[in-house]
Amino acid sequence: MNVLIWFRNDLRVADHPALARAADDRVLPLAIVDPAEWADPARSGRQWAFRAECLADLRADLAALGAPLAVRVGDPQTVLSKLCKLHRIGRILCLEDPALAALDLALQAWAAGTGLEFIRLKPGPGAPAALTPLPAVEPGPIPPARALRLAEDRCPHRQPGGRPQGQLLLQSFLDRRGRLYRDGRNRLLQAERASSRLSPHLAAGTLSREEVLAAVAARLAERPDADWVRSLGAFRAALASGATGARGAVCPPAAPEGAAPPEDIWTRMNGRPDTLRMRLAALHAGETGLPFVDAALRAMAASGWLPARLRGMLASVALHHLGLSEQAAGAALAAGLTDHSAPIHWAQMRRVALGRPVDPERLAGALDPEGAFTRRWLPELAEVPDRVLQAPWRWEGARGLLGRRYPEPLVDPSAARAAGRPPARRPSAFTEVMEGAAPRRRASAPAQQLCLDL
Ligand SMILES: Cc1cc2nc3c(=O)[nH]c(=O)nc-3n(C[C@H](O)[C@H](O)[C@H](O)COP(=O)(O)OP(=O)(O)OC[C@H]3O[C@@H](n4cnc5c(N)ncnc54)[C@H](O)[C@@H]3O)c2cc1C
């Protein structure tokens, strides 16, 4: 039979049961790049750059098995329909993916109507030694970011894509870095090394969660010391929350066009669209005037990654202090992350939206007591004394700094805190905010290099 193997967020040849299942068929391995997906404001050039590297690597791996990857740009159903007719495909195989559950339902109905088999397999082991390719399939180019209308997105410390890079990270984590994981992931200057940094690879599927878990089990079987055992236990729990905690979460829908926002404390404090636009632009630029927040924003702009505590803080500040909608705040944050995974991201945004506002000054006291992280990313605060680093507006020398080399705070964090917990759902200002958002400005170069040589 002629079988189309559709690669989505599973860009690997190992641990891919669809490849194993098609070992005796003639196969067409395919990746579809959907411009509508990449037009989503949660998507960005850094994410595409990572993914394009993964696709190139997958193409080489599949070519080594005998059937190189075809890449097509377009709406999935249109692309599938065209290719299935052209190459007399009888079956489409892909892996289950909670992020694509709604699309798969629609495709199942379409496939049933055309007599095609559309089979989604559970992730698991399996990889053939060789594949039989369908003849005369043009591989097609991997499109550049500009073909997807993605803005230029400089991310000097972005993690590189591709399975070998993921394998190297996993190896260095299990050989050395992982020993400090349990506590180190919450210590900002350690977190870059002590966290696994596997998230972009798990999001693109260059590594499967199952193979990472198996590698952890093998490491534990070597009977490492107590630090290792504790850290690997915590790491396993993190992996499990990524697999189960987020099933089905999606970006919340925007308010209907023209819907009038109800009068509550949040709209009174924050609701003017021009104010919201300005705040969103400050979030993109890392210029909110709240030092710990800006340091985190600039670290994210430069590396495409942040530890979970800082992601939670940014989400909380964007939602609770700046009064942005869940969609606008969530998209701004997601676009800065190379590892964007919609189910995990939107579940986390919801959790933060329903939680208590985070106080950035207090969190800085706990996570960055000496201010080293803040100073690394905000060289313009070099002369501010330690005692007021997180609140330079309390510094007697602030006059020559604020509003000149560093912005005045956009909001008074204590006012937002005093307003208490926000309502569970606030009206959306997404449309106005996104349409009118100022062009992105990238943060200036960091004062010190990130330790990305993992
Ligand atoms: C507002 C917000 C948005 C987030 N958006 C994303 C996202 O788009 N993509 C993403 O992969 N993670 C997201 N996370 C979860 C978490 O911050 C990242 O998974 C983690 O920081 C990635 O770094 P790491 O691979 O070194 O993680 P490690 O701590 O080494 O964990 C290993 C893996 O476990 C999973 N994991 C770890 N923590 C969590 C968690 N809290 N929830 C779910 N899975 C977890 C991830 O797959 C991660 O790669 C978000 C968290 C918050 C608070």
Side-chain angles (χ1 to χ4, degrees), residues 9 40 42-44 46-47 50-51 98-99 123 159 165-166 169-170 172-174 177-188 190-213 215-216 231-251 283 293 296-297 299-300 303-320 324 326-355 358 363 450-452 454:
N9 298 315
D40 184 323
R43 288 300 193 175
S44 58
R46 62 191 55 199
Q47 294 166 13
F50 183 89
R51 185 153 285 246
Q159 291 179 237
Q165 300 291 338
L169 273 182
L170 178 58
S172 69
F173 181 72
L174 293 178
R177 299 185 293 114
R179 183 174 189 175
L180 298 177
Y181 174 79
R182 201 176 80 128
D183 301 324
R185 66 187 154 155
N186 289 325
R187 297 199 181 120
L188 292 190
Q190 265 182 29
E192 293 153 5
R193 277 189 76 76
S195 297
S196 73
R197 306 292 299 271
L198 289 173
S199 50
H201 293 281
L202 291 167
T206 48
L207 295 177
S208 73
R209 240 163 248 277
E210 293 70 22
E211 72 180 309
V212 174
L213 282 170
V216 170
S231 279
L232 292 180
F235 178 63
R236 263 206 306 221
L239 279 170
S241 73
T244 58
R247 286 216 184 279
V250 290
C251 174
L283 205 63
V293 173
L297 287 166
M300 179 174 76
S303 72
W305 181 86
L306 278 182
R309 295 287 296 276
L310 293 190
R311 296 183 195 211
M313 174 189 72
L314 291 185
S316 179
V317 167
L319 292 166
H320 300 321
L324 296 172
E326 222 167 302
Q327 299 96 330
L333 185 49
L337 298 166
T338 313
D339 62 20
H340 179 55
S341 159
I344 296 181
H345 184 76
W346 293 111
Q348 290 289 346
M349 289 301 298
R350 195 89 275 268
R351 189 183 61 75
V352 175
L354 296 174
V358 170
L363 191 67
L450 269 178
C451 52
L452 290 179
L454 303 169

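Remember, it's 1-based here, ligands and their atoms both numbered in the order they're listed.
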**OP:** Could you see which bit of L202 sits under 4.0 Å from ligand 1, with heavy atoms only: side chain, backbone, both or neither?
**Re:**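 The part of L202 near ligand 1 is the side chain, not the backbone.
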Report yes or no: does [X] contribute a side-chain atom to a donor-acceptor pair with the main-chain N or O of [Y] at less than 3.5 Å?
{"X": "S316", "Y": "G312", "result": "no"}
{"X": "Q190", "Y": "Y181", "result": "no"}
{"X": "H320", "Y": "V352", "result": "yes"}
{"X": "S195", "Y": "E192", "result": "no"}

Subject >> Contact check: A238 vs ligand 1, nitrogen or oxygen atoms, below 3.5 angstrom >> reply: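 Yes.
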**OP:** Check whether any N or O atom of L333, backbone or side chain, sits under 3.5 Å from an N or O atom of ligand 1, and answer yes or no.
**Re:**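 N/O-N/O distance under 3.5 Å: no.
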For [atom], which candidate among [options] provides the closest heavy atom?
{"atom": "atom 41 (N) of ligand 1", "options": "H201, Q348, R351", "answer": "Q348"}
{"atom": "atom 14 (N) of ligand 1", "options": "R311, M313, Q47, R236", "answer": "R311"}
{"atom": "atom 9 (N) of ligand 1", "options": "V212, V352, N186, D339", "answer": "D339"}

Original post:
Going by atom types alone, do R177 and S172 pair a side-chain donor with an acceptor below 3.5 Å?
Top reply: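 A donor-acceptor contact under 3.5 Å links the two side chains.
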Subject >> Q348/R311 under side chain to side chain donor-acceptor pair (under 3.5 Å): CA gap, chis, key distance, verdict >> reply: CA-CA 9 Å; Q348 290 289 346; R311 296 183 195 211; over 6 Å; no
Is there a heavy atom of [X] sitting under 4.0 angstrom from any atom of ligand 1?
{"X": "A334", "answer": "no"}
{"X": "L314", "answer": "no"}
{"X": "L239", "answer": "yes"}

Counting each atom of ligand 1 from 1 as listed, which ones have a heavy atom of [X] under 4.0 Å away?
{"X": "R209", "answer": "47 (O)"}
{"X": "G312", "answer": "53 (C)"}
{"X": "L306", "answer": "21 (O)"}
{"X": "Y181", "answer": "28 (P), 29 (O), 30 (O), 31 (O)"}
{"X": "S341", "answer": "7 (C), 8 (O), 9 (N)"}
{"X": "H340", "answer": "8 (O)"}
{"X": "S241", "answer": "39 (C), 40 (C), 42 (N), 43 (C), 44 (N), 45 (C)"}

Original post:
Taking the six-membered ring for Trp, are the ring centroids of F50 and H340 within less than 6.0 Å of each other?
Top reply: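 No.
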State, yes or no, whether a side-chain contact exists between [X] and [Y] at a heavy-atom distance under 4.5 Å.
{"X": "N186", "Y": "P307", "result": "no"}
{"X": "Q159", "Y": "R197", "result": "yes"}
{"X": "L297", "Y": "L314", "result": "yes"}

